[in-house]
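Below, chains carry the letters A, B, ... as their sequence lines are ordered, and counting in each starts from 1.
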There are 2 protein chains.
Amino acid sequence: MDDAVPPAAAPQRRARQPRQATTERRAEILRAAAHTFGSKGYKNGSLAEVAEQVGITHAGVLHHFGSKEQLLVEVLEFRDKEDVRDLEGQHIPDGIELFQHLVRTARMNVDRRGIVQGYTVLTGESVTEDHPARGWVTNRFTVLRGEIQAAIMEVGGGDVPQDVAAQAASAIIGVMDGLQVQWLLDDSVDLPAATKFAIEAILTAALLGTGRPHPLV
Amino acid sequence: MDDAVPPAAAPQRRARQPRQATTERRAEILRAAAHTFGSKGYKNGSLAEVAEQVGITHAGVLHHFGSKEQLLVEVLEFRDKEDVRDLEGQHIPDGIELFQHLVRTARMNVDRRGIVQGYTVLTGESVTEDHPARGWVTNRFTVLRGEIQAAIMEVGGGDVPQDVAAQAASAIIGVMDGLQVQWLLDDSVDLPAATKFAIEAILTAALLGTGRPHPLV
DNA sequence: ATTCACTTACTGACATGTAAGTAAGTTGCG
DNA sequence: CGCAACTTACTTACATGTCAGTAAGTGAAT
């Protein structure tokens, strides 16, 4: 967009690095956008609301990000980076530690309602037609499932069939997300307890195989 | 507005019962609205799109329902009635049959993608501020949890503590909803298999109590 | 001196809701 | 029955608001 009408002589001056304040400014806007998209959704959240939180106009936001959709994309990338940074160099744990990590995350999420809401709203919205976050959400699920499935098979020491591990991995992610929705709507749902209970139940079933005392259907 | 200039004598004439075609017409509109709100969400779906599906204008829709929000409310009520009618006089099953019913529902849902998407989108949207469907969704969760919790305690024959049954009930609902989202985004998720696996796992854990071979944390 | 980070001002698209009019149906009454 | 009184089911037109995005300008930092 910047080079829509380039002069004949291409200036050799490359864009020097942005002012030192700019990077932080953009991060502020991204945080504001994450908040707005989180509480109102992407479609229903407006650029004006995002802009107001950092004290500029909506056109100022567009100056930095070009379009609303690009802003969303960068919010998602930003969050990925922050998530990684929070892990502080620690690789995502594997084996049994992964499940402990998931339960710990559920406990932490009780004090991060805004973030949980943002994730929930965006995930729900992403299943609508041509939603710009669809690819990101789908990919996130795919990656997570792969990691959890691998951890299950590692813990099981080769005794867990691949499809069982895959179903269990999907179920663990599903129960975490589904419980978050219920908790957001009704505080009486005990998010950490129910999450821990369900993950243990699913993991146990995957490891013990099909010898269940109460098979259905 | 009609009575802006009322004659001195108030006519006793009351509005008669609606024409026989009207009820079906409204039902058509409700079905169209369910489709639109289901695929686009409530906020993002427009009255014009709903109207177009039944061959009238958006003002015609408002003639019948007064406001967009009222239309949504009636869509939800309509769906409740249809759900009940589908059960055809059968009470919602209790005891072990309830869980079989849930697994059967997951199997049926594979062929009802639109309905599943509508439920998913609306549920996700409902956690945003002041959403008109919030009460309906919250209530639906509360009722379902109560039924499932009761069924667990019935199957367990008094050996399952109330809080464990409550956590298991939340988890079962959560895993069903969460798996639906993943399935909508990625067909490679085996919705019926994973649902059956997870429900059996959670139910088994609830009935067997805390004697788990792999406790976390 | 130029580029950056904005602002102001505006456009066009689209939203819900309202007002007023019309054609067709229904009902009560003579 | 037949017609007048009235309601229903719409339509078109409009009021009003909100939105993303664009264009042009300004002042400050580099």
Side-chain angles (χ1 to χ4, degrees), chain A residues 1-7 9-30 32-33 36-37 40-74 130 132, chain B residues 1-30 32-33 36-37 40-73 130 132:
Chain A
M1 305 299 170
D2 301 354
D3 53 356
V5 185
Q12 292 310 0
R13 301 269 226 117
R14 61 191 66 263
R16 31 173 189 259
Q17 62 194 7
R19 299 178 196 181
Q20 91 272 28
T22 300
T23 306
E24 178 50 34
R25 195 87 174 110
R26 287 171 57 100
E28 272 178 56
I29 296 171
L30 289 173
T36 289
F37 293 160
K40 303 252 179 98
Y42 167 70
K43 292 273 189 184
N44 198 37
S46 73
L47 292 178
E49 182 181 318
V50 173
E52 197 190 11
Q53 293 173 73
V54 296
I56 62 176
T57 65
H58 89 274
V61 173
L62 286 172
H63 164 71
H64 284 288
F65 296 96
S67 73
K68 190 188 184 187
E69 185 165 332
Q70 184 58 30
L71 175 61
L72 173 64
V73 169
E74 298 208 23
D130 293 327
Chain B
M1 306 307 164
D2 301 355
D3 53 355
V5 185
Q12 293 308 356
R13 300 272 225 114
R14 252 339 31 239
R16 303 274 158 235
Q17 61 194 5
R19 302 178 194 176
Q20 87 278 20
T22 299
T23 305
E24 179 48 36
R25 195 83 173 112
R26 288 172 57 102
E28 270 178 56
I29 296 172
L30 289 174
T36 289
F37 294 159
K40 300 255 179 96
Y42 168 70
K43 293 272 190 183
N44 201 235
S46 73
L47 293 178
E49 182 180 318
V50 173
E52 199 190 9
Q53 293 173 73
V54 296
I56 63 177
T57 65
H58 88 274
V61 174
L62 286 173
H63 163 73
H64 284 288
F65 297 95
S67 72
K68 190 187 183 188
E69 185 165 334
Q70 184 58 32
L71 175 61
L72 173 64
V73 168
D130 294 326

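- In this structure, the OH atom of B:Tyr42 is 14 Å from the P atom of C:dA15, given to the nearest Å.
- In this structure, A:Arg25 reaches the C:dC6 phosphate: one of its side-chain N or O atoms is under 4.0 Å from OP1 or OP2.
- When rounded to the nearest whole Å, the span between CD of A:Glu52 and P of C:dC6 equals 16 Å.
- Taking atom CG of B:Asn44 as the reference point, atom C1' of C:dT16 lies 14 Å away to the nearest angstrom.
- B:Lys43 places no side-chain N or O within 3.5 Å of a backbone atom of A:Gly41 that could act as its donor or acceptor partner.
- At whole-Å resolution of the value, NZ in A:Lys68 and P in C:dC14 are 15 Å apart.
- Put simply, NZ on A:Lys43 is 14 Å from P on D:dC19, counting in whole angstrom units.
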Tell me, with the steps shown, if B:Thr36 and B:Gln53 meet side-chain contact (heavy atoms from CB on, under 4.5 Å). CA-CA 9 Å; B:Thr36 289; B:Gln53 293 173 73; 2.6 Å; yes
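- For A:His64, the listed nucleotide lying nearest its side chain is C:dA5; candidates were C:dG17, D:dG21, C:dA5.
- Side chains of B:Leu30 and B:Leu71 form a contact here, defined as non-hydrogen atoms less than 4.5 Å apart.
- Rounded to an integer number of Å, the gap from CG of A:Leu72 to C1' of D:dG21 is 17 Å.
- Shortest non-hydrogen contact noted between B:Val54 and B:Ala32 is CG1-CB, 4.1 Å.
- With sequence neighbours excluded, the residues forming a ring pair (Phe, Tyr, Trp, His ring centres under 6.0 Å) with A:Phe37 are A:Tyr42, listed by chain and number.
- Note on A:Leu47: only backbone sugar-phosphate atoms sit closer than 4.0 angstrom, heavy atoms only; bases stay farther off.
- Rounded to whole angstrom, the span from the CG atom of B:Leu62 across to the P atom of D:dC14 amounts to 18 Å.
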Polar atom pairs between nucleotides 7-9 of chain C and protein, under 3.5 Å, N or O only, would you list them?
from: C:dT7; atom 1: OP2; to: A:Thr57; atom 2: N; distance (Å): 3.0
from: C:dT7; atom 1: OP2; to: A:Thr57; atom 2: OG1; distance (Å): 2.9

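- Between A:Arg26 atom CZ and C:dC6 atom P there is a gap of 11 Å when expressed in whole angstrom units.
- With sequence neighbours excluded, the residues that form a side chain to side chain donor-acceptor pair (under 3.5 Å) with A:Glu28 are A:Arg25.
- Here the side chain of B:Lys68 pairs a donor or acceptor atom with the backbone of B:Gly45 at under 3.5 angstrom.
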